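What follows is a short report on a single structure.
Residues: numbered from 1 along the sequence shown. Here the structure is a predicted model, which means the values were calculated and not measured. Counting convention: from 1, in listed order, for ligands and their atoms alike.
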Amino acid sequence: MPNQPPKNLTIAATGASGAMFLRHLLLAVAADQRVETVNFIASDSALRVMAEELDLKGRSNLIAQILGSSGRGASRKFQIQANADIGANVASGSYPADAMIVMPCSVGTLARIANGVAAQLIERAADVSLKEKRPLVLCVRETPLNKIHIRNMYRAADAGATIFPLIPAFYYRPASLDEMAREFAYRVLAHLGLSQAQAFRWKD
Ligand SMILES: Cc1cc2nc3c(=O)[nH]c(=O)nc-3n(C[C@H](O)[C@H](O)[C@H](O)COP(=O)(O)O)c2cc1C
């Protein structure tokens, strides 16, 4: 993982369940002054799931809709990229992206990344992260897992990705779903060198 905290993040949302985790990830990076730029890409399926889980309505003001009232005014560092735009900045290794997180990561997106299918921007940006040896964190969510999913997780990990399943911890006794999702988002950020001061620490 990087020596310096990443300043330029790519965050992608795909059509797996877990929009609440994404929301807390975006809130944390919005508030983190070390993060200067976030290129955000959402697949069409991500929007479908977010409509169910966050009452999202369409793509307009997407970041504001996901962040909700607690993220008001925090969206200046976010740049939304269209998943269909394979000419967007993060499609090229020459663009100085520091790290990429796919949260949540569907097993469909996992399969495309693991097998080098780079037809849309999310998979292309992930492919670029791997070829440039930049951190790529895949927060895969599905249950139960079939052998194809397990093989694809192995393949992606073997190519350099971190498989960071959307599995929260319980030993700190989260008092709410929001607390659980927030702590999980903090763990992902800590993995990339962006430790959060408010995060729970075992035996602090
Ligand atoms: C409400 C809802 C929940 C879903 N949950 C999951 C899930 O947890 N994991 C998963 O891999 N796919 C899940 N899916 C299916 C994916 O959205 C679907 O396979 C989609 O094609 C993935 O597209 P994407 O990878 O381009 O985002 C869900 C779909 C819906 C509508």
Side-chain angles (χ1 to χ4, degrees), residues 9-26 38-60 62-63 65-68 78-91 97 99-130 136-170 174 177-178 180-185 187-188:
L9 282 178
T10 305
I11 298 182
T14 70
S17 186
M20 171 185 277
F21 292 84
L22 170 72
R23 177 162 190 267
H24 283 284
L25 178 69
L26 296 187
V38 179
N39 283 289
F40 178 69
I41 319 159
S43 73
D44 288 343
S45 308
L47 291 194
R48 176 70 182 83
V49 176
M50 285 192 263
E52 299 295 329
E53 299 184 350
L54 296 180
D55 282 334
L56 208 83
K57 292 180 178 58
R59 278 194 182 266
S60 64
L62 188 54
I63 295 293
Q65 283 200 66
I66 297 170
L67 293 179
F78 292 93
Q79 296 175 20
I80 297 190
Q81 308 297 348
N83 200 21
D85 184 6
I86 46 82
N89 51 11
V90 292
M100 176 169 179
I101 303 166
V102 185
M103 159 113 72
C105 182
S106 73
V107 289
T109 294
L110 167 71
R112 291 189 290 277
I113 294 171
N115 291 281
V117 178
Q120 293 212 283
L121 185 61
I122 293 174
E123 302 106 55
R124 170 63 186 166
D127 200 72
V128 167
S129 302
L130 293 176
L136 170 65
V137 176
L138 304 178
C139 298
V140 178
R141 204 227 76 94
E142 188 50 279
T143 194
L145 296 164
N146 67 32
K147 280 194 184 179
I148 298 170
H149 306 148
I150 293 166
R151 276 194 208 106
N152 283 335
M153 283 195 274
Y154 178 83
R155 274 175 175 270
D158 197 42
T162 298
I163 305 298
F164 207 122
L166 248 179
I167 303 174
F170 300 97
L177 289 177
D178 275 313
M180 188 184 74
R182 189 167 52 239
E183 288 296 336
F184 185 85
R187 286 295 296 271
V188 172

Give, for atom CG of Asn39 and atom CZ of Phe78, the distance between the pair rounded to the nearest 0.5 Å. 10.5 Å
Ranked by distance from atom 10 (C) of ligand 1, the top protein heavy atom is Glu142 OE2, 3.3 Å
Starting from atom 5 (N) of ligand 1, what is the nearest protein heavy atom, named by residue and atom, and what distance separates them? Ser17 N, 3.4 Å
Residues Glu52, Arg48: salt bridge by 4.0 Å N-O rule: yes
State plainly whether the residues Asp44 and Arg59 are in salt-bridge range, i.e. N to O under 4.0 Å. yes
Rounding to 0.5 Å, atoms CG (Asn152) and CD1 (Ile163) come to a distance of 9.0 Å
Under the criterion side chain to side chain contact (heavy atoms under 4.5 Å, CB included), which of Leu25, Leu138, Leu22, Thr162 is the partner of Ile101? Leu25
Any N or O of Thr109 that comes nearer than 3.5 Å to an N or O of ligand 1? yes
For Gln120 and ligand 1, answer yes if some heavy atom of the residue is under 4.0 Å from a ligand atom, otherwise no. no
Which protein heavy atom lies closest to atom 8 (O) of ligand 1, and at what distance to 0.1 Å? Arg141 NE, 2.7 Å
Within the 4.0 Å heavy-atom cut-off, what Ser43 brings close to ligand 1 is side chain
Please confirm whether Val107 comes within less than 3.5 Å of ligand 1 when only nitrogen or oxygen atoms on both sides are compared. yes
Identify the protein heavy atom lying closest to atom 3 (C) of ligand 1, giving its residue, its atom name and the separation to 0.1 Å. Val49 CG2, 4.0 Å
For the atom pair CZ (Phe40) and CG (Leu9), what is the distance rounded to the nearest 0.5 Å? 12.5 Å
Which heavy atom in Leu121 sits nearest to a heavy atom in Ile86, and how many Å separate them? N-CG2, 4.0 Å
What distance separates Ile122 CD1 from Arg124 CZ, expressed to the nearest 0.5 Å? 14.5 Å
Quick test: of every protein heavy atom, which one is nearest to atom 13 (C) of ligand 1, and how far off is it to 0.1 Å? Gly15 O, 3.2 Å
Geometry only, no angles: is Arg48 polar-contacting ligand 1 at N/O separations under 3.5 Å? no
If you have a sec, work out which protein heavy atom is nearest atom 26 (O) of ligand 1 and how many Å separate them, to one decimal? Arg112 NH2, 2.9 Å
Do me a favour and list the nearest non-hydrogen protein atom to atom 20 (C) of ligand 1 with residue, atom name and distance? Ser45 OG, 3.3 Å
